[in-house]
Amino acid sequence: MTELLKISLPDGSVREMEAGSTPYDVAAAIGPGLAKAALAARVNGEVRDIGRPFEGDSELALITSKDEADALELVRHDFAHILAEAVQALWPGTQITFGPATDDGFYYDVMAPATREPFGLEDLPAIEEKMREIIKADKPLRREVWSRNDLIAKWETEGEAFKAEWAKELPEGEDLTVYWSGDDWLDMCRGPHLASTGKLDPQAFKLMRTAGAYWRGDQRNAQLTRIYGTAWLNKKQLKQHLHNLEEAGKRDHRKLGREMDLFHLQEEAHGSVFWHPKGYRIWRELEAYMRRKMDGAGYREIKTPQVMDARQWEQSGHWGKYRENMFVIPDEVPNTEDEGDIISKDADWMALKPMNCPAHVLVFKQGITSYRDLPIRLGEMGCCHRNEPHGALHGLMRVRQFTQDDAHIFCTEDQVVEEVQAFITLADEVYRDFGFEYKIKLALRPEQRFGSDADWDKAEQELRDALTANGLEWEELPGEGAFYAPKLEWHLTDAIGRTWQVGTIQSDRVLPDRLDATYIGEDGEKHRPVMLHRAIFGSYERFIGILIEHFAGRLPVWLAPMQAVVAPIVSDVDGYANRVLTKLEAAGIRASSDLRNEKINYKIREHSLAKVPHLLIVGKREEEEGTVAIRTLGEKDQKVLSLDEAIAMLTKAATAPDLVT
RNA sequence: GCUGCUGUAGCUCAGUGGUAGAGCGCACCCUUGGUAAGGGUGAGGCCGAGAGUUCAAUUCUCUCCAGCAGCACCA
């Protein structure tokens, strides 16, 4: 007598299926169209192979290409396997390691056989070709359960040292799953996979590049070749993705920074920025904006030394491991003779500050602070230097000299939650002013940390309480916190969907202790303040980089280095153009006039490429009528306005968002 | 820091074992033209730095520096 399994479907219906039947059988029972479209199945919440039998009564949801997130993940994982199979087919002796799906595709880490060079860009077309053959062959992907020892034996026989090492680390006696591709290739894998390679669209993937990657992500291990591909459900999606990549390339702040003459970098000061007048204008506008916000929120601005004695950094705890990221300076007069060493090697050490916190504690410690004075909010546009690994440097995004919109709030235990809440509100106002969406993440205690578990419990809960009180949602990141404090992180999403971590607030009980910061409480005794580290832009450099990419260089008018250019059509109206310019400048608009002997088409093209938001074009007609023809960047039509109307319009457009009434 | 690739005019790039070329930009001249490139002439380069091979190196080799992609790192 066969027992029937009850399979519940998402619409609430229940089908009875024979024992041993699979999700595919259910799909086939519903209809041949669905059977063909079904890629995999969600069984009791877990994504599984379409051909894997049910193990009892189950809830089933069939996954088709309409369930895009699940389908993409499956497809990408399959592509990764096919990549590994293709590489081994082409170059026997290649060792495979592992290859997961990524946000836009997949990769696989492989080790080329000793007989050849590591794989490179020139190998990719052949690999792609082989992958298409495997897809075309429509090889079934079959799940099989092996004993751990059998699998280890297989890997060792085949010289797959990495796979064998990995299998050995899995628990003794555990059964492992492998997936066959046809009858001639298999990989150790948890799955799930599609039913066969032919389910993939051979035109929906592209191998993108190769790169070095360490075995298990550890730089002491062997370096493998990672082959990256992008993969989608169909050709159209692939094309769209390649187009987006091209878009991102056009927005690259390094390229736009040069084209718009904002800043430059050069090897004599690699990792530090040479700001040009136009770029620094953006900086100054941002700084003025942030000063207004911080002044309004009860912060007081300070300025602290760039160089401090090493003993100070010893006390703060940075002189240990963190020293490798610091620039150190001998405290002595260098030898100016032609002979001998420039420095003596036995002078005391000083260091450029990599952060502002210790200096802010020193300011806090001046005099005696009463609980009545708390909270004390000390802000600084703090210029810091960090000796970053050279490979980490990247345009404005990762630099060796940067300026933070930093502040430290010293408060009592009771004030932490309300101070964090106030900061959450302030950060929200700022990000909204720039039109950014964001997500908040809470980075929790790391393995290596200072402070008691009780303090960590408290600190983490305070941050959660503040978020809850502000009605916000967040994601928790276990183990990602700083060694002294949990952090809230603000991750912005830009115009093309990339995310950037910028703002942060961290509640720290470690540094006040190490640097012995105290205040006098109501009881007349000394108490430790809690120190909140916080920033909203993160750094001016990075934030400007993000703004350039987010707006593709077309900055909001209030930030645009040049807000308007007056361009006369014929030189007879140069005088009028200059009168217009004088009025604009008097109204506080950043403007210039372009009196060059060039055609109006040429001037329009040039200033449009330079992303000037408004062009004021004047000819004989405008001079006679006392008007200007305004052409706004990104709009096709021009508007003819009287000079006064134009100035009112531009003044309004150029008002910073926090000053709009 | 690791792996790979790259380094030629201000920018984007071509090229060669016998000390170099284009387009854009720049300067000057002609042109005064109504909404994204008018025409002409000209200036501009120790071919990233150092060493080696060679009669001869920008070109080949090595080392270093920087940049790019990825990895690792980002308290």
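Note that the structure is a prediction, hence the values are computed from the model and not measured. Per chain, numbering begins at 1; letters A, B, ... match sequence-line order.
Taking atom CD1 of residue A:Ile227 and atom P of nucleotide B:rC71, one finds them 15 Å apart after rounding to whole Å. In this structure, A:His264 atom NE2 and B:rC11 atom P are separated by 10 Å, rounded to whole Å.
Interface remark: the A:Arg386 side chain does not form any donor-acceptor pair with the B:rC73 base, using a distance-only criterion of under 3.5 Å.
Listed by first residue number, the stems of RNA chain B with at least three Watson-Crick or G-U pairs below 3.5 Å are B:1-7 with B:65-71, B:10-13 with B:21-24, B:26-30 with B:38-42, B:48-52 with B:60-64.
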For A:Trp313 and A:Gln315, what are the C-alpha separation, side-chain angles and deciding distance, and is it a side chain to side chain donor-acceptor pair (under 3.5 Å)? CA-CA 5 Å; A:Trp313 299 109; A:Gln315 206 183 341; over 6 Å; no

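Between A:Tyr228 and B:rA69 there is no side-chain N or O to OP1 or OP2 distance below 4.0 Å. Note on A:Arg258: every side-chain N or O is 4.0 Å or more away from OP1 and OP2 of B:rG10.
Map A:Pro354 and A:Arg226 each onto its nearest nucleotide of RNA chain B; the residue landing nearer the 5' end is A:Arg226.
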Under 4.0 Å protein heavy-atom contacts per nucleotide of nucleotides 62-68 of chain B, with B for base, S for backbone only and - for none: ---SSSS

Produce a footprint string for nucleotides 32-47 of chain B: one letter per nucleotide, 5' end first; B if the base is under 4.0 Å from any protein heavy atom, S if only the sugar-phosphate is, - if neither. BBBBBBS---------

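A salt bridge between A:Lys278 and A:Asp261 is absent, with no side-chain N of the basic residue lying under 4.0 Å from a carboxylate O of the acidic one.
Separating the C1' atom of B:rC13 from that of B:rC73 is a span of 34 Å, rounded to the nearest Å.
Relative orientation of the A:Phe205 and A:Phe106 rings is tilted, given thresholds of 30° and 60° on the angle between their planes.
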